[in-house]
Amino acid sequence: MLRLITDFDGPIMDVSERYYQVYLFCLEKTKRPGQPVRQLSKAEFWQMKRSHLPERDIALRSGLDEAQAQEFSQLRRKTVHTEPYFQYDKPIPGALDVLTKVQQAGIDLVVMTMRRVWELDYAFERYDLGKFFPENRCYCLSNDYIKTRDIDDKPLLMKRALAELPPAADTWMVGDTEADITAAKRHGIKMIAVESGIRDRTQLKLYQPDLIVPNLSTAVDIIFQSKTSVPVSSVAIR
């Protein structure tokens with residue numbers, strides 16, 4: 001059996017609008033009345049996020065001072081995972097077609113995400129995604145889980161999944177962050193990083209995934225090729 005473990009946000013869901021709307025809200029709430037600020041365009045903001053620029057630096061580049069930057073960062077953390085903003089998430093173009101293709105090919109499809117249960121359920125219900133991922137193929141955080149860092153928490157989630165899932169002849173991981181890469185590499189799973197999420201190629205290369213590709217569709221094409229014994233090294237990172 002061939003298995004694909006995919007992250008949710010980045011390979012499947014586009015979260016850029018949610019993050020940008022939260023940025024606009026936090027900037028508005030943090031600035032003083034009449035204070036001139038520089039509101040970043042969505043393209044500017046998202047590139048800063050993809051290059052892993054700290055929230056403090058994004059705030060400073062938007063015209064806030066040091067104290068405001070700290071307030072901005074704290075407000076952003078409290079806001080970005082609240083229900084009013086999840087409505088801005090949407091599937092990446094073509095991603096649902098790719099999931100259908102994977103499912104029809106008989107590949108064991110698993111989702112592994114740092115979303116909490118209610119956050120994943122929200123997206124599943126909004127976009128009818130449960131048809132791709134039955135409950136025993138969903139790995140996420142409980143609603144009361146106390147997060148540390150994604151790069152620490154995700155390998156623990158991977159460990160749990162590998163202990164619970166039935167054996168597979170071959171397993172691949174697709175994700176868009178350093179946490180995904182770390183989780184896969186720590187457990188000896190082939191890792192394809194995608195550029196459709198919250199990290200750019202420069203950031204992804206730092207963590208040395210097996211491959212870096214534009215999106216889930218390209219990743220799945222490579223996984224399909226692996227069924228015909230095309231070695232990973234033949235499509236190595238460029």
Would you check if the side chain of [X] reaches a backbone N or O of [Y] as a donor-acceptor pair within less than 3.5 Å?
X: Ser51; Y: Met48; result: yes
X: Asp97; Y: Gly94; result: no
X: Gln203; Y: Asp200; result: no
X: Thr182; Y: Glu178; result: yes
X: Asp176; Y: Ile198; result: yes
X: Ser196; Y: Gly10; result: yes
X: Asp210; Y: Met191; result: yes
X: Glu44; Y: Ser41; result: yes
X: Thr82; Y: Lys78; result: no
X: Gln35; Y: Arg32; result: yes

Taking the side chain as everything from C-beta on, heavy atoms only, tell me whether [X] gets closer than 4.5 Å to [Y].
X: Leu40; Y: Trp46; value: no
X: Lys31; Y: Leu64; value: yes
X: Lys185; Y: Gln208; value: yes
X: Ile181; Y: Leu204; value: yes
X: Phe132; Y: Val111; value: no
X: Ser142; Y: Tyr145; value: yes
X: Met158; Y: Ile189; value: yes
X: Gln21; Y: Lys42; value: no

Item to check | Worked verdict on Thr6 versus Trp172 for side-chain contact (heavy atoms from CB on, under 4.5 Å) | outcome: CA-CA 8 Å; Thr6 179; Trp172 294 73; over 6 Å; no

Next on the checklist: I need the single residue from Asp121, Asp153, Asp89 that forms a salt bridge (charged side-chain N to carboxylate O under 4.0 Å, His left out) with Arg115. Which is it?
Outcome noted: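 Testing each of Asp121, Asp153, Asp89 against Arg115, the sole residue satisfying salt bridge (charged side-chain N to carboxylate O under 4.0 Å, His left out) is Asp89.
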
Item to check | Identified salt bridge (charged side-chain N to carboxylate O under 4.0 Å, His left out) partner of Glu195 from the options Lys205, Arg50, Arg201 | outcome: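 The single option meeting the salt bridge (charged side-chain N to carboxylate O under 4.0 Å, His left out) with Glu195 is Arg201.
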
For [X] versus [Y], what's the shortest heavy-atom pair and its separation?
X: Thr79; Y: Leu75; answer: OG1-O, 2.6 Å
X: Pro11; Y: Ala95; answer: O-CB, 3.9 Å
X: Pro155; Y: Asp150; answer: CD-O, 4.0 Å
X: Pro166; Y: Arg137; answer: CG-NH2, 3.6 Å
X: Val80; Y: Arg18; answer: O-NH1, 3.0 Å
X: Asp170; Y: Ser226; answer: OD2-OG, 4.2 Å

Is there a path from [X] to [Y] through hydrophobic residues (I, L, V, M, F, W, Y) whose side chains come within less than 4.5 Å of each other?
X: Tyr88; Y: Val15; result: yes
X: Leu162; Y: Leu156; result: yes
X: Val213; Y: Leu216; result: yes
X: Val117; Y: Phe124; result: no
X: Leu4; Y: Leu2; result: yes

Item to check | Chi angles and distances behind the side-chain contact (heavy atoms from CB on, under 4.5 Å) call for Met114, Leu157 | outcome: CA-CA 9 Å; Met114 290 289 95; Leu157 202 58; 3.7 Å; yes

Item to check | Full working for side-chain contact (heavy atoms from CB on, under 4.5 Å) between Val98 and Ser217 | outcome: CA-CA 6 Å; Val98 175; Ser217 179; 3.7 Å; yes

Next on the checklist: Ignoring hydrogens and geometry beyond distance, is a side-chain donor-acceptor pair present between Asn215 and Thr218 at under 3.5 Å?
Outcome noted: yes

Measure the spacing between [atom1] of [X] and [atom2] of [Y] and express it to the nearest 0.5 Å.
X: Tyr23; Y: Glu17; atom1: OH; atom2: CD; result: 13.0 Å
X: Leu120; Y: Leu129; atom1: CG; atom2: CG; result: 8.0 Å
X: Lys154; Y: Leu141; atom1: NZ; atom2: CG; result: 9.0 Å
X: Thr113; Y: Asp180; atom1: OG1; atom2: CG; result: 8.5 Å
X: Arg199; Y: Leu206; atom1: CZ; atom2: CG; result: 10.5 Å

Next on the checklist: Please enumerate all residues that pass ring pair (Phe, Tyr, Trp, His ring centres under 6.0 Å) together with Tyr139, with sequence neighbours excluded.
Outcome noted: none

Checklist entry - Where does the angle between the aromatic ring planes of Phe45 and Tyr20 fall among parallel (under 30°), tilted (30 to 60°) and perpendicular (over 60°)? => result tilted

Checklist entry - Given Gln39 and Leu27, is the side-chain contact (heavy atoms from CB on, under 4.5 Å) satisfied, shown in steps? => result CA-CA 8 Å; Gln39 180 180 299; Leu27 183 62; 4.2 Å; yes

Checklist entry - Given a cutoff of under 4.5 Å between side-chain heavy atoms of I, L, V, M, F, W and Y, with clusters grown through shared members, what are the other residues clustered with Phe86? => result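 For the cluster that includes Phe86, the remaining residues are Trp118, Tyr122.
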
Checklist entry - Under the salt bridge (charged side-chain N to carboxylate O under 4.0 Å, His left out) criterion, do Glu55 and Lys49 qualify, and how do the steps go? => result CA-CA 8 Å; Glu55 297 295 335; Lys49 291 296 296 181; 2.4 Å; yes

Checklist entry - Hey, mind stepping through Lys29 and Glu71 against salt bridge (charged side-chain N to carboxylate O under 4.0 Å, His left out) and telling me if it holds? => result CA-CA 10 Å; Lys29 286 291 185 181; Glu71 182 184 347; over 6 Å; no

Next on the checklist: Could you check whether Asp144 pairs with Arg116 (Lys NZ or Arg NE/NH1/NH2 to Asp/Glu carboxylate O, under 4.0 Å)?
Outcome noted: no

Checklist entry - When you look at NZ of Lys90, are more than 12 heavy atoms from neighbouring residues, nucleotides or ligands closer to it than 6.0 Å? => result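 Open: at most 12 neighbouring heavy atoms sit under 6.0 Å from NZ of Lys90.
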
